[in-house]
Engineer: 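Quick one: the structure is below, questions incoming.
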2 protein chains.
Amino acid sequence: MSFWKKFFPSVEDENLSQDIGSISFSTDREIDLYELEELCDAVGWSRRPIKKVKKAIDHSFCVVSMYHTRNEFKRLVGFARATSDHAFNATLWDVVVHPDYQSKGLGKQLVDRVIMELRSADISNVTLFADPQVIDFYRRLGFVQDPEGIKGMFWYPD
Amino acid sequence: MSFWKKFFPSVEDENLSQDIGSISFSTDREIDLYELEELCDAVGWSRRPIKKVKKAIDHSFCVVSMYHTRNEFKRLVGFARATSDHAFNATLWDVVVHPDYQSKGLGKQLVDRVIMELRSADISNVTLFADPQVIDFYRRLGFVQDPEGIKGMFWYPD
């Protein structure tokens with residue numbers, strides 16, 4: 001049983017808003033990077049050098065962390081960030097919700113917070129690259145795939 | 001006839017490397033924004049507030065301008081920029097080559113310069129959103145459309 005599981009058992013079939021604490025969001029960049037790594041591990045992402053993760057966070061336009069607080073314990077359960085030119089375009093990266101907290105509308109709240117940050121900075125072109133299994137999730141949030149035939153492309157070295 | 005046309009007639013059917021001057025690249029952000037606007041006009045892009053363009057350039061990870069110099073005249077004939085988290089991901093925006101200078105391999109050189117800048121900063125995930133008419137152009141440069149089913153998505157307000 002992981003450290004978190006000891007203190008925060010699975011929230012499945014429980015009501016987040018009542019007896020098991022509260023969910024909060026933060027745009028603070030001072031994130032416990034080891035806690036973030038544990039969150040990314042939980043969804044099966046490849047490990048990345050902590051120093052590079054810190055650099056990426058420092059140079060993102062905005063960062064939104066989602067916490068579950070119960071009694072005196074505060075756990076990082078979601079994370080998202082966006083790069084931007086601060087004027088026209090933004091791209092979301094590293095959108096993650098802990099498996100125990102998925103399918104409860106929290107991913108939508110998390111992405112909505114990022115969009116709110118971007119829109120409040122008058123950034124109109126909000127983009128992302130979606131893996132096949134999350135395309136429907138983003139569609140429900142108002143994202144459109146390949147609008148007007150615009151295609152996402154990735155460069156690969158020869 | 002535009003100001004530039006007076007001094008730089010169409011380079012079609014001429015050899016850029018010989019009698020009509022030289023092409024150079026610069027990563028300097030001190031770009032004549034009115035000249036950039038004229039370049040974007042030439043390819044039919046919508047006008048954007050100059051102040052916002054300056055902000056976007058200032059907050060891009062890298063900017064590459066392409067100039068044609070002949071005699072004492074230096075003309076902005078291409079431009080590209082990329083946003084990035086300085087660590088993992090980058091996205092190219094505003095890639096433009098003046099119509100008189102297209103189909104000569106200069107667009108490839110321009111994008112290659114941007115990629116070189118990104119790779120020298122150890123940024124491995126180089127992305128872009130391509131309009132339908134330039135997908136083949138980027139494919140020839142090593143970009144892959146929708147790799148592993150990853151889809152480009154754009155958010156639209158309700």
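Letters A, B, ... are given to chains in the order of the sequence lines, protein chains preceding strands, and every chain is numbered from 1. Atoms considered below: every heavy atom in the structure, side chains included; atoms not considered: hydrogens, waters and symmetry mates. What you see is a predicted model; the values in this text were computed from it and never measured.
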Engineer: Would you give the length of the straight line joining atom CD1 of Ile150(A) to atom CD1 of Ile135(B), rounded to the nearest 0.5 angstrom?
Structural biologist: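 So the gap between those two atoms works out to 9.0 Å.
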Engineer: Could you state whether Ile50(B) and Leu39(B) fall into the same hydrophobic cluster, counting links through intermediate Ile, Leu, Val, Met, Phe, Trp or Tyr residues with side-chain heavy atoms under 4.5 angstrom apart?
Structural biologist: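 Both belong to a single hydrophobic cluster.
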Engineer: Determine whether Asn89(B) and Arg81(A) make a side-chain contact, defined as any pair of heavy atoms from C-beta on separated by less than 4.5 Å.
Structural biologist: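 Heavy-atom side-chain distance check passes, below 4.5 Å.
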Engineer: Do Phe129(B) and Thr127(A) have side chains that approach each other closer than 4.5 Å (heavy atoms only, starting at C-beta)?
Structural biologist: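 They are in contact (side-chain heavy atoms under 4.5 Å apart), so the answer is yes.
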Engineer: Is any side-chain heavy atom of Lys55(A) closer than 4.5 Å to a side-chain heavy atom of Asp85(B)?
Structural biologist: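 Heavy-atom side-chain distance check fails, nothing below 4.5 Å.
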Engineer: Which value, rounded to the nearest 0.5 Å, describes the distance between His86(A) atom NE2 and Ser60(B) atom OG?
Structural biologist: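 Here the interatomic distance stands at 9.0 Å.
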Engineer: Who wins among Ala82(B), Ser84(B), Ala56(B) for the most heavy-atom pairs under 4.5 Å with chain A?
Structural biologist: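 Sorted descending by pairs with chain A, the first entry is Ala56(B).
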Engineer: Quick one: which of His59(B), Arg119(B), Lys54(B) has the most heavy-atom pairs under 4.5 Å with chain A, could you say?
Structural biologist: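 If we count pairs closer than 4.5 Å to chain A, His59(B) comes out on top.
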Engineer: Please report the closest heavy-atom contact between Phe143(A) and Met153(B), naming both atoms and the distance.
Structural biologist: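 Looking at all heavy atoms of both residues, the shortest contact is O-CE, 3.7 Å.
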Engineer: Considering only heavy atoms and a distance below 4.5 Å, find which of Tyr156(B), Phe88(B), Phe61(B), Tyr138(B) pairs most often with chain A.
Structural biologist: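 Counting heavy-atom pairs under 4.5 Å, the top option is Phe88(B).
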Engineer: Against chain A, work out which of Val134(B), Ile57(B), Ile115(B) has the most heavy-atom pairs shorter than 4.5 Å and name it.
Structural biologist: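 Of Val134(B), Ile57(B), Ile115(B), Ile115(B) has the most heavy-atom pairs under 4.5 Å with chain A.
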Engineer: Please lay out, stage by stage, how Trp93(A) and Thr91(B) fare under the test side-chain contact (heavy atoms from CB on, under 4.5 Å).
Structural biologist: CA-CA 11 Å; Trp93(A) 305 101; Thr91(B) 311; 3.6 Å; yes
Engineer: With a 4.5 Å heavy-atom cut-off, do Phe154(A) and Glu148(B) have their side chains touching?
Structural biologist: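 They are not in side-chain contact.
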Engineer: For Pro132(B) and Gly149(A), work out which heavy atoms get closest and say how close.
Structural biologist: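 Distance-wise, the nearest heavy atoms are CG-O, 3.5 Å.
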Engineer: With Trp155(B) as reference, evaluate Asn125(A), Val126(A), Val144(A), Leu118(A) under the side-chain contact (heavy atoms from CB on, under 4.5 Å) test and give the passing residue.
Structural biologist: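 Only match with Trp155(B) under side-chain contact (heavy atoms from CB on, under 4.5 Å): Val126(A).
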Engineer: Run the salt-bridge test on Lys151(A) and Asp146(B) with the 4.0 Å N-O cut-off and return the result as yes or no.
Structural biologist: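 Salt bridge present between Lys151(A) and Asp146(B).
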Engineer: Check whether Val97(A) and Met116(A) end up in the same hydrophobic cluster, where Ile, Leu, Val, Met, Phe, Trp and Tyr are linked by side-chain heavy atoms less than 4.5 Å apart.
Structural biologist: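 Shared cluster, no.
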Engineer: Heavy-atom distances under 4.5 Å only: say whether Val53(A) touches chain B with side chain, backbone, both or neither.
Structural biologist: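 Contact with chain B involves both backbone and side-chain atoms of Val53(A).
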Engineer: At a 4.5 Å cut-off on heavy atoms, which part of Asp122(B) comes close to chain A: side chain, backbone, both, or neither?
Structural biologist: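 Looking at Asp122(B), backbone and side chain both touch chain A.
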Engineer: Select one option (side chain, backbone, both, neither) describing which atoms of Leu141(B) are under 4.5 Å from chain A's heavy atoms.
Structural biologist: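 Answer is backbone: N, CA, C or O of Leu141(B) sit under 4.5 Å from chain A.
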